[in-house]
Amino acid sequence: MGEVIVIASGKGGSGKTTVTAALSCSLAMRRKRVMALDADVGLRNLDLALGLADRAVFDFLDVINGRCSLEKASVCHPLVQSLYLLAAPQLSYGELAQAFTPEVMDGMRALCSELSRHYDYVLVDSPAGIGPGLLLAAAGASSALIVATPDLACVRDADQAAEVLLSLGIERQRLIVNRVRPSLIDRGGALNIDDVIDGISVQLIGVIPEDESVTACLNAGQPLPLGKSRAARAVGNIARRLCGERVELMKLR
């Protein structure tokens, strides 16, 4: 059985979706069979981050409601073997309620259970906030990655998201500190890594530096790990740790 991991942040702008895409790609490049599941209904962007926007026709709600098969809705990445995407539905504000019914929650649990039988890792990209969107994204998860940037607002919101996930019984949680700028930390303009860990009380699994290539890759529809940036190397190290390897934290200075 594969591991179903929900990736949450609490606050928008933490880079959660970019991390989900990059980590999915990194794991697949390590010969793992990976499903990237976008659970951010209404504001889906994981297809863009993976460069699959023109290929994602169906979504997970189509599968849950029986409108198409899981096989038909799953999009295979053309450049990264064994990496697949299951997109989120693009619902209007007035349609969002239909995604958060008890029936859809049960369907998400069943879907994640089915995916875990076919994939080594299922990475579920959750929406920002701690409302019903997070509950849906976490419905079938067995563990979590909390993504936070080193600023007070993001740390506070990430801690709230971690508490919500804990209340759902997801005890195995690990922290990714994203978009770290050592020069800004030195000037007192950002929290240091220890402050972030103390503020969220979740075990650290990796630190990703601020990197201009991240935005360039996103706009080009190219998964970050296909390049050779420092951020790509940091994500690769996180993938190695998820696979059980002992890897030292990358020096950011």
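Just the heavy atoms: all of them, side chains too, but no hydrogens, waters or symmetry mates, feed the values below.
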Can you name the nearest heavy-atom pair linking [X] to [Y], along with the distance?
X: L168; Y: L135; answer: CD1-CD2, 3.9 Å
X: A8; Y: L134; answer: CB-CD1, 3.9 Å
X: R172; Y: R174; answer: NH2-NH1, 3.0 Å
X: C243; Y: L27; answer: SG-CD2, 3.7 Å
X: K11; Y: S9; answer: O-OG, 2.9 Å
X: V235; Y: S26; answer: CG1-OG, 3.5 Å

Can you tell me if [X] has over 12 outside heavy atoms packed within less than 6.0 Å of its [atom1]?
X: L152; atom1: CG; value: no
X: R55; atom1: CZ; value: no
X: R31; atom1: CZ; value: no
X: Q98; atom1: CD; value: yes
X: Q81; atom1: CD; value: no
X: E212; atom1: CD; value: no

Flag the pair [X] / [Y] as yes when at least one side-chain heavy-atom distance between them is below 4.5 Å, and no otherwise.
X: D40; Y: L46; value: no
X: I176; Y: I7; value: no
X: L52; Y: H77; value: yes
X: S142; Y: E3; value: yes
X: E95; Y: P89; value: no
X: L165; Y: I146; value: yes

Kindly compute the distance separating [atom1] ([X]) from [atom2] ([Y]), expressed to the nearest 0.5 Å.
X: L145; Y: D125; atom1: CG; atom2: CG; answer: 11.5 Å
X: L115; Y: L123; atom1: CG; atom2: CG; answer: 11.5 Å
X: L83; Y: C76; atom1: CG; atom2: SG; answer: 7.5 Å
X: I238; Y: I205; atom1: CD1; atom2: CD1; answer: 6.5 Å
X: E171; Y: L166; atom1: CD; atom2: CG; answer: 6.0 Å
X: L136; Y: F60; atom1: CG; atom2: CZ; answer: 5.0 Å

(request) Could you name each residue pair satisfying side-chain hydrogen bond (donor to acceptor under 3.5 Å, both in side chains) that touches residues 153-164, not counting sequence neighbours? (result)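 Counting only pairs at least two positions apart or across chains, no side-chain hydrogen bond (donor to acceptor under 3.5 Å, both in side chains) contact touches residues 153-164.
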Any donor and acceptor pair, going by atom type alone, linking the side chain of [X] with main-chain N or O of [Y] inside 3.5 Å?
X: D59; Y: L61; result: yes
X: Y84; Y: Y119; result: no
X: R246; Y: R241; result: no
X: T149; Y: N178; result: no
X: T20; Y: K16; result: yes
X: S113; Y: A110; result: no
X: S74; Y: L86; result: no

Could you state whether [X] and [Y] fall into the same hydrophobic cluster, counting links through intermediate Ile, Leu, Val, Met, Phe, Trp or Tyr residues with side-chain heavy atoms under 4.5 angstrom apart?
X: L96; Y: L37; answer: yes
X: M29; Y: V247; answer: no
X: F58; Y: L50; answer: no
X: L48; Y: V124; answer: no
X: V147; Y: L43; answer: no

(request) Check the pair L23 / L242 against side-chain contact (heavy atoms from CB on, under 4.5 Å), numbers first and verdict last. (result) CA-CA 10 Å; L23 189 55; L242 280 175; 3.7 Å; yes
(message) With salt bridge (Lys or Arg N to Asp or Glu O under 4.0 Å) as the rule and sequence neighbours excluded, what pairs involving residues 199-211 come up?
(response)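 As it turns out, the salt bridge (Lys or Arg N to Asp or Glu O under 4.0 Å) pairs with a partner in residues 199-211, which skip direct neighbours, are R179-E210.
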(message) Tell me which one of V196, V207, N192 satisfies side-chain contact (heavy atoms from CB on, under 4.5 Å) with V180.
(response)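 Single pass found, and it is V207.
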(request) Could you please spell out the steps behind the side-chain contact (heavy atoms from CB on, under 4.5 Å) verdict for C68 and V63? (result) CA-CA 5 Å; C68 77; V63 177; 4.2 Å; yes
